[in-house]
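Just so we're on the same page: letters track the sequence lines, and every chain starts at 1.
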There are 2 protein chains.
Amino acid sequence: MLYIARQFDPLSNEKEMIESSIEESIVLSIFDLSNQLKKIGDDVYQKVGLTTQQWLILLHLANNPNLPFFKREEHSKDLMASELADSLNVSRANITNLINVLLDKGLIRQYEDKDDRRKKRLKLTKKGITLVNNTQPSRLGVINYLTEGFNDAEKKTFLRFLETCMNKLINEDDKIKSFHKLLVDI
Amino acid sequence: MLYIARQFDPLSNEKEMIESSIEESIVLSIFDLSNQLKKIGDDVYQKVGLTTQQWLILLHLANNPNLPFFKREEHSKDLMASELADSLNVSRANITNLINVLLDKGLIRQYEDKDDRRKKRLKLTKKGITLVNNTQPSRLGVINYLTEGFNDAEKKTFLRFLETCMNKLINEDDKIKSFHKLLVDI
DNA sequence: AAAAATAGTTAATATTATTAACTATTTAAG
DNA sequence: CTTAAATAGTTAATAATATTAACTATTTTT
């Protein structure tokens with residue numbers, strides 16, 4: 001059980017407990033939209049025998065400049081597993097599994113870093129490059145269809161919004177966690 | 001293997017294969033942000049012994065008006081499992097499991113619909129209502145922090161963008177699927 | 001009255017992910 | 001310069017999250 005300084009009376013009218021809020025609507029919509037997009041992605045990528053996560057790895061190795069990861073930091077060398085784990089926000093062990101699938105399918109290859117023998121760097125094979133290129137029109141078709149009807153200024157506002165939120169989440173982690181402390185166990 | 005009318009030469013320069021595009025940046029950022037938010041949510045909700053999915057069910061049963069589901073359609077009666085499955089975009093079997101956990105914890109209760117005996121409707125218990133109310137300040141704290149620094153017009157543009165995308169995904173499913181047909185097996 | 005659709009459940013299983021323990025290597029500290 | 005700490009990757013065991021298929025019960029449609 002929990003206790004916090006209370007904003008609402010829990011015994012009040014059970015129906016309209018929660019207020020309309022544009023901010024909460026935004027956050028819940030982002031969740032919902034991402035979910036839907038993932039489902040659509042899964043449908044497409046399973047036609048080529050991949051999951052959305054595996055697909056995202058290919059996009060990283062294709063140096064897709066639209067990935068938030070590449071906007072956050074420059075990468076001159078080929079990526080390694082731990083960087084993918086960072087970007088996808090999952091464990092390294094999980095990345096190992098995903099990579100093994102892609103290696104088996106001959107879509108990527110792995111080579112040892114000469115300067116640091118702990119590291120293994122990843123690269124698309126020709127087959128992997130072809131796959132990325134061949135699926136690109138379908139991907140961009142959906143994306144452009146979704147975003148059409150908005151002008152450039154609106155799209156920029158939108159992207160700035162997303163990136164500002166991300167920065168807050170990543171750089172001001174402490175601040176976010178301080179909100180959680182509003183939850184105190186009894 | 002796949003074949004499509006080719007946009008890029010797969011043998012060309014391996015580095016800058018993919019162009020910068022604000023539209024693709026938006027979609028990839030939405031993914032990323034949703035991911036981060038989910039991780040944060042998982043951290044908070046696991047303190048109260050719930051997963052993000054279970055939490056979302058509670059938000060539905062609290063009739064949170066900010067949920068996209070309630071913006072899409074009015075609901076006068078209490079929700080049933082299949083409606084939750086619709087909203088969360090998962091199978092009914094999955095919802096059964098999630099609901100059983102919440103029933104065990106005494107956060108929700110289930111009653112049979114008098115008019116249609118196939119249906120079981122769901123309701124928060126007092127304990128469930130208290131939990132929702134007690135966690136609300138923490139949730140809203142994070143949400144308001146994330147969205148501060150943008151004015152109301154920008155927030156509205158942003159929300160309209162998200163909702164327009166969702167509508168396209170839901171109502172114009174055929175159109176989306178037609179893009180996938182750009183992928184043709186050899 | 002029969003057939004189809006809807007709601008929910010169960011069982012078996014797939015997937016996706018995690019943690020913990022381990023090796024190998026590099027970097028930092030005393 | 002040698003020990004301790006940090007980093008990269010892997011493996012094994014397991015948790016969580018989800019799915020499909022088959023089933024019952026009920027309602028709706030034809």
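When the P atom of C:dA7 is taken as reference, atom CD of B:Gln110 falls 14 Å away, rounded to whole Å. Whole-Å rounding puts the B:Tyr111 OH to C:dA7 C1' distance at 15 Å. The CD-P distance, from A:Glu112 to D:dT10, rounds to 10 Å in whole Å. The distance from atom CG of A:Asp113 to atom P of C:dT25 is 13 Å, rounded to the nearest whole Å. Spacing between atom NZ of A:Lys120 and atom P of D:dT11 amounts to 8 Å, rounded to whole angstrom units. One can place CG of B:Asp42 at 12 Å from C1' of C:dT18, the figure rounded to the nearest angstrom. Separating the CG atom of B:Leu56 from the C1' atom of D:dA16 is a distance of 16 Å, rounded to the nearest angstrom. If you measure from atom CD1 of A:Ile99 to atom C1' of C:dT16, you get 15 Å, rounded to the nearest angstrom.
OP1 or OP2 of C:dT16 has at least one side-chain nitrogen or oxygen of A:Thr51 nearer than 4.0 Å. Taking 4.0 angstrom as the limit, B:Gln53 places none of its side-chain polar atoms (N or O) nearer than this to OP1 or OP2 of D:dA16. The side chain of B:Thr96 contributes an N or O atom lying less than 4.0 Å from OP1 or OP2 of C:dT9.
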- Item | Letter per nucleotide, 5' to 3', of nucleotides 19-30 of chain D [B base touched, S only sugar-phosphate touched, - untouched; heavy atoms, 4.0 Å] | BB----BBS---
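Screening residues 61-73 of chain B for salt bridge (Lys or Arg N to Asp or Glu O under 4.0 Å), with sequence neighbours left out, gives A:Asp32-B:Arg72, B:Lys71-B:Glu163. Under the side-chain hydrogen bond (donor to acceptor under 3.5 Å, both in side chains) criterion, no residue pair touches residues 90-104 of chain A, with sequence neighbours excluded.
Rounded to 10 degrees, the angle separating the terminal axes of the helix from C:dA1-D:dT30 to C:dG30-D:dC1 is 30°, with each axis obtained from five end pairs.
A:Leu107 pairs in a side-chain contact (heavy atoms from CB on, under 4.5 Å) with only one of the listed residues (A:Gln54, A:Lys127, A:Lys126), which is A:Lys127. With A:Phe69 as the partner, the side-chain contact (heavy atoms from CB on, under 4.5 Å) test is satisfied by one option alone out of A:Leu79, A:Leu56, A:Leu84, A:Asn64: A:Leu79.
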- Go through B:Leu162 and A:Phe158 one step at a time and tell me if the side-chain contact (heavy atoms from CB on, under 4.5 Å) criterion holds. CA-CA 9 Å; B:Leu162 291 166; A:Phe158 193 40; 3.8 Å; yes
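Not counting sequence neighbours, A:Lys120 has no partner by the salt bridge (charged side-chain N to carboxylate O under 4.0 Å, His left out) test. Residues meeting the salt bridge (charged side-chain N to carboxylate O under 4.0 Å, His left out) test with A:Asp42, sequence neighbours left out: A:Lys38.
In this structure, A:Lys123 fails the cation-pi test against A:Tyr111, since its NZ or CZ atom is not both closer than 6.0 Å to the six-membered ring centre and inside 45 degrees of the ring normal.
B:Leu61 and B:Leu103 fall within a single hydrophobic cluster, where Ile, Leu, Val, Met, Phe, Trp and Tyr are joined by side-chain heavy atoms under 4.5 Å apart, directly or via other members.
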